[in-house]
Amino acid sequence: MNWAVTTYDSAFGYVSAHGAPLVDLLDPQPGERVIDLGCGTGAFAAEIAERGAEVLGIDGAPEMIAQATALNPGLSFIVGDAHEFTVGESFDAVASNAALHWMTRDPDAVIARVHAALRPGGRFVGELGGAGNCAELIAAMQTAWRVFGLGEPELPWYFPSPAEYAARLEEGGFTLRLLEHADRPTRMTEGPNGAADWVRAYAARALGDVPPEMVEPLLERVNELAAPALRRESGWVADYVRLRFAAVRKADGPAPMPGGLLTDPLI
Ligand SMILES: C[S@@+](CC[C@H](N)C(=O)[O-])C[C@H]1O[C@@H](n2cnc3c(N)ncnc32)[C@H](O)[C@@H]1O
């Protein structure tokens, strides 16, 4: 998708602000080599680098990588699709903030690429939208689209349940160490037009097929529908639900033994 890079950082800086504690879960050590997958404009990568680790930021959007490079001189960033990226050497950790739920084509392929990038024992630490994320915002969109006689809005995310993502990680060769699925009501501090601003920033693809003259009244209706659940006296709050995990790449299995035995025959 196309990201409005300039408004992304200023208007929705809370995406990065809420990533802050994730760096503690990652606990990067000086000299470690860490990939920030879906790095956006590089704010999370910069936090990792502040702890002394060597960071490589990877993002599918060239405009994000251009901005990340401009904002963080001295850090390395490359354009790459998380479903396909390869790196020359093994990394100690892969971290990802608010990005894995955008990688919808094949979540198992993303996990496989992360596995391939890590040394055995390497960490995969991430936070993404979990099942139920933005349920009120999405319901308001779907109702508004129906009221205006439009088809279902195209929603570009994958919000897995904890059980589903745990199974994917374990089948992908990881041992899960921590998995949290928690409500994270998040103030839209810089999105004064609430749900409408959120749709423009994050669900712009759904607006692609909407006749231009219909966009404003449609988004007004989204705001009316979402307001009872999400507008407080102090401002709009997004109904975020986050899935946060820490996993470790399993050691490679034992080499097959002659005669088809896979384990020590004495055990
Ligand atoms: C909401 S932003 C989060 C950025 C950053 N991690 C942060 O915390 O601010 C999601 C990012 O994921 C990237 N992204 C989405 N799909 C991707 C893919 N298939 N491969 C690589 N990056 C992807 C987007 O380009 C975007 O920069």
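Predicted, not measured: the structure shown is a model, and the values here were computed from it. Just so you know, ligand 1 is whichever comes first in the structure, and atom 1 is the first atom listed for that ligand.
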Cut-off 3.5 Å, no hydrogens considered: what does the side-chain donor-acceptor table look like for residues 128-142, sequence neighbours left out?
| from | atom 1 | to | atom 2 | distance (Å) |
| --- | --- | --- | --- | --- |
| N133 | OD1 | V241 | N | 2.7 |
| N133 | OD1 | R242 | NH1 | 3.4 |
| Q142 | NE2 | E152 | OE1 | 3.4 |

Under 3.5 Å, side-chain donor or acceptor atoms of residues 32-39 against the rest of the protein: list the pairs with distances, not counting sequence neighbours.
| from | atom 1 | to | atom 2 | distance (Å) |
| --- | --- | --- | --- | --- |
| E32 | OE1 | Q29 | N | 3.1 |
| E32 | OE1 | R123 | NH2 | 2.9 |
| E32 | OE2 | R123 | NH1 | 2.9 |
| R33 | NH1 | E54 | OE1 | 3.1 |
| D36 | OD2 | A45 | N | 3.2 |

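The ligand atoms of ligand 1 that sit less than 4.0 angstrom from a heavy atom of A98 are 1 (C), 2 (S), 3 (C), 10 (C). The contact set between ligand 1 and W102, taken as ligand atoms under 4.0 Å from a residue heavy atom, comprises 1 (C), 10 (C), 15 (C), 16 (N). For ligand 1 and H83, the ligand atoms under 4.0 Å from any heavy atom of the residue are 19 (N). Near G38, the atoms of ligand 1 lying under 4.0 angstrom from a non-hydrogen atom of the residue are 4 (C), 5 (C), 6 (N), 11 (C), 12 (O), 22 (N).
Placement of L179 and L26 in two distinct hydrophobic clusters is found when ILVMFWY residues are connected by side-chain heavy-atom separations under 4.5 Å, directly or transitively. Tracing side-chain contacts under 4.5 Å through hydrophobic residues (I, L, V, M, F, W, Y), one reaches W145 starting from L155; they form part of the same cluster.
Note: an N/O pair closer than 3.5 Å links N97 and ligand 1 by distance alone. Taking distance alone, with nitrogen or oxygen atoms compared against 3.5 Å, D81 approaches ligand 1 more closely than that limit. Ligand 1 has no N or O atom lying under 3.5 Å from any N or O atom of I58, backbone or side chain. The distance criterion of under 3.5 Å between nitrogen or oxygen atoms is met by G60 with respect to ligand 1.
The pair R200-E216 meets the salt-bridge criterion, since a charged nitrogen lies less than 4.0 angstrom from a carboxylate oxygen. Residues E164 and R168 are paired through a salt bridge, judged by an N-O separation under 4.0 Å between the basic side chain and the carboxylate.
Here R105 has no heavy atoms under 4.0 Å from ligand 1, in either its backbone or its side chain. Here A43 has no heavy atoms under 4.0 Å from ligand 1, in either its backbone or its side chain.
Counting heavy atoms from C-beta outward, Y165 and H181 have side chains that stay 4.5 Å or more apart. Proximity of W198 to L230: side-chain heavy atoms (C-beta onward) are nowhere separated by under 4.5 Å.
Residue contacts with ligand 1 include G80, since one or more of its heavy atoms lies under 4.0 Å from the ligand.
Between the choices E127, M103, Q67, the shortest heavy-atom distance to atom 23 (C) of ligand 1 belongs to M103.
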